[in-house]
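Remember, it's a predicted structure, so these values are computed and weren't measured experimentally. Numbering of residues begins at 1 and proceeds along the displayed sequence.
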Amino acid sequence: LVAQLNAQCDELLAMQNAPSHALFLQGEMKEGEQLTIRSPLPEFEEILLSCAAKLGEALIGEDDEGTNYVLDTVWTVHQMEGDYNPVHFHNNARSPFGFSSFLHLQLPPQVGQRQPAGECSSEDGGTSFIWKTDSASAEGPLECSGVLSVEMQEGYLHVFPQWVQHFVWPFRGRGERRTIAA
């Protein structure tokens, strides 16, 4: 599936007038692009909706019966050296509630190199979630106890409530950090 999604992204990038998704996003792109996928692959849509249903069931329990999960928007982020996404959350046009996701399709080798534990400093191209905003449990001036960095592996799908704030660090060096999000 990752190979098929990469092929779909390559086709989109090759289009002269590819639909830009930049107006709807917070990304600070110097060389990269953010593009709308108007027709997501059915297999990808099925996986996303299945994950949303499982997460909804885990969070809501039996009250989740009858909930209708629908895919709202799918886009790609083609992040190049120095590009980044500041703190943001996703929303959708269909509901004030929902889930967001991102799937790493390509990562340069330097992306995701972690800093020593407890330090709050840039991680080359990594994604971090802000899950807690108080600092009462911080043990040092450089610790960010409410920030969780995600595992950076191609093919990893991350699904989370759309209101969860997150950000993407810039990276240095050659390559493309390619992500598909919904």
Would you say the side-chain atoms of Asp83 pair up with the backbone N or O of Pro170, donor to acceptor, closer than 3.5 Å?
no

For Leu107, does its backbone N or O pair with a side-chain atom of Glu154 as donor and acceptor, under 3.5 Å?
yes

Taking the side chain as C-beta and beyond, is there a heavy-atom pair between Pro19 and Leu35 under 4.5 Å?
no

Within the structure provided, determine whether Ile37 and Leu12 are in side-chain contact (heavy-atom separation under 4.5 Å).
yes

Are Phe99 and Leu59 side-chain neighbours, meaning at least one heavy-atom pair lies under 4.5 Å?
yes

Do Leu13 and Met80 land in one hydrophobic cluster if side-chain heavy atoms of ILVMFWY residues count as linked below 4.5 Å?
no

Can you find a heavy atom in the side chain of Val74 that is under 4.5 Å from one in the side chain of Phe44?
yes

Close side-chain approach of Arg177 to Pro108, heavy-atom, < 4.5 Å
yes

Working note: His104 + Met152, criterion side chain to side chain contact (heavy atoms under 4.5 Å, CB included); need CA distance, chi angles, decisive distance, verdict.
CA-CA 8 Å; His104 301 299; Met152 299 298 294; 3.7 Å; yes

Once you round to the nearest 0.5 Å, how far does OG of Ser100 lie from CG of Asp72?
9.5 Å

Indicate, with yes or no, if Phe102 and Trp163 share a hydrophobic cluster defined by side-chain heavy-atom contacts under 4.5 Å among Ile, Leu, Val, Met, Phe, Trp and Tyr.
yes

Please check if the distance between the ring centroids of His158 and Phe160 is under 6.0 Å.
no

d(Gln4 CD, Leu41 CG) to nearest 0.5 Å is 6.0 Å

Under a 4.5 Å side-chain heavy-atom rule over Ile, Leu, Val, Met, Phe, Trp and Tyr, are Leu105 and Val168 clustered together?
no

Nearest heavy atoms of Cys51 and Leu157, plus distance in Å
SG-CD2, 3.9 Å

Can you tell me how far the NE2 atom of His78 sits from the CH2 atom of Trp75, to the nearest 0.5 Å?
13.0 Å

So, using side-chain contact (heavy atoms from CB on, under 4.5 Å) as the criterion, who are the partners of Glu46 when residues are at least two apart?
none

Cluster check Tyr156, Ile180: I/L/V/M/F/W/Y, side chain < 4.5 angstrom
no

Should Leu1 and Ile47 count as side-chain neighbours, where that means a heavy-atom distance under 4.5 Å?
yes

Among residues two or more places apart or on two chains, list those pairs meeting side-chain hydrogen bond (donor to acceptor under 3.5 Å, both in side chains) that have a residue in residues 29-42.
His21-Thr36

For the OH atom of Tyr69 and the CG atom of Leu55, what is their distance to the nearest 0.5 Å?
7.5 Å

For the backbone of Arg178 and the side chain of Gln106, can you confirm whether one donor and one acceptor N or O come within less than 3.5 Å of each other?
no

Does Glu11 reach the main-chain N or O of Asn6 with its side chain, forming a donor-acceptor pair under 3.5 Å?
no

